[in-house]
Amino acid sequence: MADLRERRHELRAGIVGDAGAARQRALGKRTARERLDLLLDEDSFLEVDMYRRRPGGPYTDGVVAGSGTIDGRQVYVYAQDFTISGGSLGEAHASKIHKVMDLAMSTGSPIIGLNDSGGARIQEGVMALNGYGGIFRRQVESSGVIPQISVVLGPCAGGAAYSPALADFTFMVRDVAKMYLTGPDVVASVTGEQVSHDELGGADVHGQRSGVATFIHDDEESCLADVRYLVSLLPRNNLQPPPSLGPCGATTDDRPLLADIVPAESNKPYDMRDVIAEVVDDGEFLELHAAWAANVICALARIDGEVVGVVGNQPIAFAGVLDSTASQKAARFVRLCDAFGIPLVTLVDVPGFLPGTDQEHGGAIRHGAKLLYAYCEATVPRVQVILRKAYGGAYIVMDSRSIGADLSFAWPTNEIAVMGAEGAVNIIHRKRVAAADDPLALRAELVAEYRDELMHPYYAAERGLVDEVIDPAQTRAVLARALLSLRDKRRVLPQRKHGNVPL
């Protein structure tokens, strides 16, 4: 036994060695085992296949794999070790990842991958590519069954980049994380374009432009701390509920500040995040894709101790209008929440879809249909709150009663209509206004008349499309009571192999 303990200690220490650890730190990175120490509860890691290697190669074959706990809840993990063959993936390396993915699936536990790899091991040829294929197939089979979290802490190039893309959540760390299908040298040789690794596939590129990265961090410590926080908001699998902290008095909690945050004038901007902070427990929420498609907010939070997914238009970014990227972002989030039994709260203040040839030619209809499809298909509890304007097709798409919202509430400042009063009058009364002696006066009169008849705050409620017009201060309490009433909701969809999402 003493020999075994000594051998294991020497093996762990010798795999990386002082020189390997020094090289990692010189690159601003930690070693694979140091990362696992930050991620997992102390002394909870159970390693598998420590002695696995290719013939004549080093032990572990460049990846540390096993299981552990986060706040006492089991997860499976693998951490690629860049100090061994650049973390490159070969047959033995892949088999270890396959093993923990299979164990995660069979036990119904989240899987977390810490990526730091130069890509496929060229020396092993097609077997390395076969290893990646096995990872991707398992990710697809696990999708919607167990949470999949990918953390990019170094290079993630070539086919390896598809693993973070298939995950439910992808974290990246600035300066050290790089993710692309073809590197700068290939880009330069094919297109003549000169671009750096960071400009091509750095964290900010994927956080702001491509939308591949869900969360961006400045360092590994804060990144892995947020991974732990995310796990605290997720169920272990699709058959278990998200972890509950128990009621905290939200059902009677008035928030008068809400009326001050949101201006009554529909064209004045405000930050929807301030509204969310007032509505959720302790003002805490985890925003996904914060820098990408900023005109819509997607966040995980708690209301009265229960996990919820919040979707909200963001008036300080393009007036909260929906466009192609915002539709894609929200649609993926809605499907994520539905897959893992997380109730949805939709906060609506939307002037419509963004007009323009770029949007229409770029597939705005198709992308908007993704969000429509996601909401229509969702069977979790769904509660809508209309704060101010909700115009046209964007009103329908933002979880209206007509597409299946269970409960819909509106503030007294709500305006639900096909379009704004000014635009409606311009279309309906165009000839009459043009022929008037005083077109401006008549137009103002007709706008006021349209508002009074079709856009007053009780119009939708009178027709059963809004359940209640509520005091803004009562929003948190109303949401808490609404979600409580829907807790045992059950809806069975028609039997089919799968629907055809407008991808």
Side-chain angles (χ1 to χ4, degrees), residues 11-36 47 49-65 77-98 100 112-136 150-165 170-189 195-198 200-203 206 220 223-224:
L11 192 149
R12 285 197 182 98
I15 288 172
V16 177
D18 293 337
R23 286 194 298 271
Q24 279 287 89
R25 296 192 180 96
L27 295 171
K29 302 192 293 184
R30 290 175 175 266
T31 67
R33 294 184 186 279
E34 288 172 341
R35 289 164 174 167
L36 290 173
E47 188 169 354
D49 277 353
M50 179 190 295
Y51 300 101
R52 188 67 189 271
R53 59 178 176 174
R54 66 184 184 277
Y59 290 116
T60 76
D61 205 59
V63 63
V64 182
V77 295
Y78 65 87
Q80 292 179 313
D81 187 348
F82 195 76
T83 68
I84 296 180
S85 304
S88 59
L89 183 139
E91 184 178 9
H93 183 121
S95 72
K96 294 178 64 173
I97 296 176
H98 296 168
V100 292
I112 303 172
L114 307 185
N115 298 273
D116 188 1
S117 168
R121 190 172 297 158
I122 299 172
Q123 299 91 325
E124 296 193 28
V126 71
M127 292 309 296
L129 301 180
N130 182 68
Y132 277 126
I135 293 172
F136 304 153
S150 183
V151 188
V152 184
L153 300 169
C156 185
Y162 283 117
S163 184
T170 298
F171 291 75
M172 292 185 74
V173 175
R174 286 187 178 93
D175 299 327
V176 298
K178 308 290 186 293
M179 182 164 50
Y180 37 66
L181 294 175
T182 55
D185 293 342
V186 176
V187 170
S189 66
V195 62
S196 70
H197 290 274
D198 210 48
L200 182 62
H206 289 301
E220 295 188 11
C223 175
L224 295 174

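Position 1 is the first residue of the sequence; numbering continues from there. The structure presented is a predicted model; accordingly, all values stated were derived computationally and were not measured.
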Participant: If you round to the nearest 0.5 Å, how far is OH of Tyr162 from CE of Met179?
Facilitator: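 These two atoms lie 12.0 Å from each other.
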Participant: Looking at residues at least two apart in the chain, or sitting in another chain, which of them share a side-chain contact (heavy atoms from CB on, under 4.5 Å) with Ala128?
Facilitator: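 Testing Ala128 for side-chain contact (heavy atoms from CB on, under 4.5 Å), a comparison that skips the adjacent residues, returns Ala120.
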Participant: What is the distance from atom CG of Asp49 to atom OH of Tyr78, rounded to the nearest 0.5 Å?
Facilitator: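 Answer rounded to 0.5 Å: 15.0 Å.
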Participant: So, Glu34 and Arg25, do they make that salt bridge, N to O below 4.0 Å?
Facilitator: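 Salt bridge between Glu34 and Arg25, a charged N being under 4.0 Å from a carboxylate O: yes.
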Participant: Are side-chain heavy atoms of Glu47 and Val64 found at a separation under 4.5 Å?
Facilitator: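 Answer yes - side chains close enough.
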Participant: Just jot down the side chain to side chain donor-acceptor pair (under 3.5 Å) partners of Arg30, sequence neighbours excluded, or say none.
Facilitator: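 Partners of Arg30 under the side chain to side chain donor-acceptor pair (under 3.5 Å) test: Glu221.
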Participant: Please identify each residue that fulfils side chain to side chain donor-acceptor pair (under 3.5 Å) with Ser189, with sequence neighbours left out.
Facilitator: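 With sequence neighbours excluded, Ser189 shows a side chain to side chain donor-acceptor pair (under 3.5 Å) to no residue whatsoever.
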Participant: Under a 4.0 Å threshold between the charged nitrogen and the carboxylate oxygen, would Arg33 count as salt-bridged to Asp81?
Facilitator: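 Here Asp81 does not pair with Arg33 in a salt bridge, since their nearest N and O are not under 4.0 Å apart.
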Participant: Taking side-chain contact (heavy atoms from CB on, under 4.5 Å) as the definition, give me every residue that meets it alongside Ser117, ordered by chain and number, with sequence neighbours left out.
Facilitator: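 Ser117 satisfies side-chain contact (heavy atoms from CB on, under 4.5 Å) with Gln80, Tyr132 once adjacent residues are dropped.
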Participant: Side-chain contact, heavy-atom cut-off 4.5 Å: Val77 with Val100?
Facilitator: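 Heavy-atom side-chain distance check fails, nothing below 4.5 Å.
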Participant: For Ala94 versus Leu89, what's the shortest heavy-atom pair and its separation?
Facilitator: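 Reported closest heavy-atom pair: CB-CD2, 3.9 Å.
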Participant: Atom CD1 in Ile84, atom NE2 in His93: separation rounded to 0.5 Å?
Facilitator: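 Reported to 0.5 Å precision, the distance equals 10.0 Å.
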Participant: What are the two closest non-hydrogen atoms of Asp116 and Gln24, and how far apart are they?
Facilitator: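 Minimum heavy-atom separation between Asp116 and Gln24: OD2-NE2, 3.4 Å.
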Participant: Between Phe171 and Cys223, what is the shortest heavy-atom contact and its length?
Facilitator: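 Scanning both residues completely, I find the closest heavy atoms to be CB-SG, 3.7 Å.
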Participant: Nearest heavy-atom pair of Pro184 and Leu200: which atoms, and what distance?
Facilitator: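 What the structure gives for the nearest pair is N-CD2, 3.6 Å.
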Participant: Taking the side chain as every heavy atom from C-beta outward, state whether Val151 and Glu220 have any pair of such atoms under 4.5 Å apart.
Facilitator: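 No, their side chains stay 4.5 Å or more apart.
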Participant: Only counting residues at least two apart or in another chain, list the ones meeting side-chain contact (heavy atoms from CB on, under 4.5 Å) with Asp198.
Facilitator: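 Lys178, Ser196.
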Participant: Could you work out, with side-chain contact (heavy atoms from CB on, under 4.5 Å) as the rule, every residue matching Ser95, not counting sequence neighbours?
Facilitator: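 Once residues adjacent in sequence are excluded, the partners of Ser95 under the side-chain contact (heavy atoms from CB on, under 4.5 Å) criterion are Arg52.
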Participant: Mind listing the closest non-hydrogen atom pair of His98 and Gly131 along with its distance?
Facilitator: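 Looks like NE2-O, 2.9 Å.
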Participant: Work out which heavy atom in Gly118 is nearest to a heavy atom in Pro155; give both atom names and the distance.
Facilitator: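 Closest approach of Gly118 to Pro155: N-CG, 4.4 Å.
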Participant: Cation-pi check, Lys29 to Phe82: give yes when NZ or CZ is under 6.0 Å from the six-membered ring centre and within 45° of the ring axis, no otherwise.
Facilitator: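 Geometry flag: set, cation within 6.0 Å and 45°.
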Participant: Tell me, please, which residues at least two apart from Gln123 pass side chain to side chain donor-acceptor pair (under 3.5 Å).
Facilitator: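 Once residues adjacent in sequence are excluded, Gln123 has no partner under the side chain to side chain donor-acceptor pair (under 3.5 Å) criterion.
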Participant: For the atom pair CG (Asn115) and SG (Cys156), what is the distance rounded to the nearest 0.5 Å?
Facilitator: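 So the gap between those two atoms works out to 4.5 Å.
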Participant: Using the test side chain to side chain donor-acceptor pair (under 3.5 Å), find all partners of Tyr180 that sit at least two apart in sequence or belong to another chain.
Facilitator: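 Tyr180: side chain to side chain donor-acceptor pair (under 3.5 Å) contacts with His197.
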Participant: Could you check whether any side-chain N or O of Arg35 sits under 3.5 Å from a backbone N or O of Leu153, counting only pairs where one atom can act as donor and the other as acceptor?
Facilitator: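 Here the side-chain-to-backbone pair exists.
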Participant: So which pairs with a foot in residues 83-94 pass salt bridge (Lys or Arg N to Asp or Glu O under 4.0 Å), sequence neighbours left out?
Facilitator: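 Those involving residues 83-94 do not exist here.
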Participant: Considering only residues two or more places apart or on different chains, which pairs with a residue in residues 118-133 satisfy salt bridge (Lys or Arg N to Asp or Glu O under 4.0 Å)?
Facilitator: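 Listed once each, the pairs are Asp61-Arg121, Arg121-Glu124.
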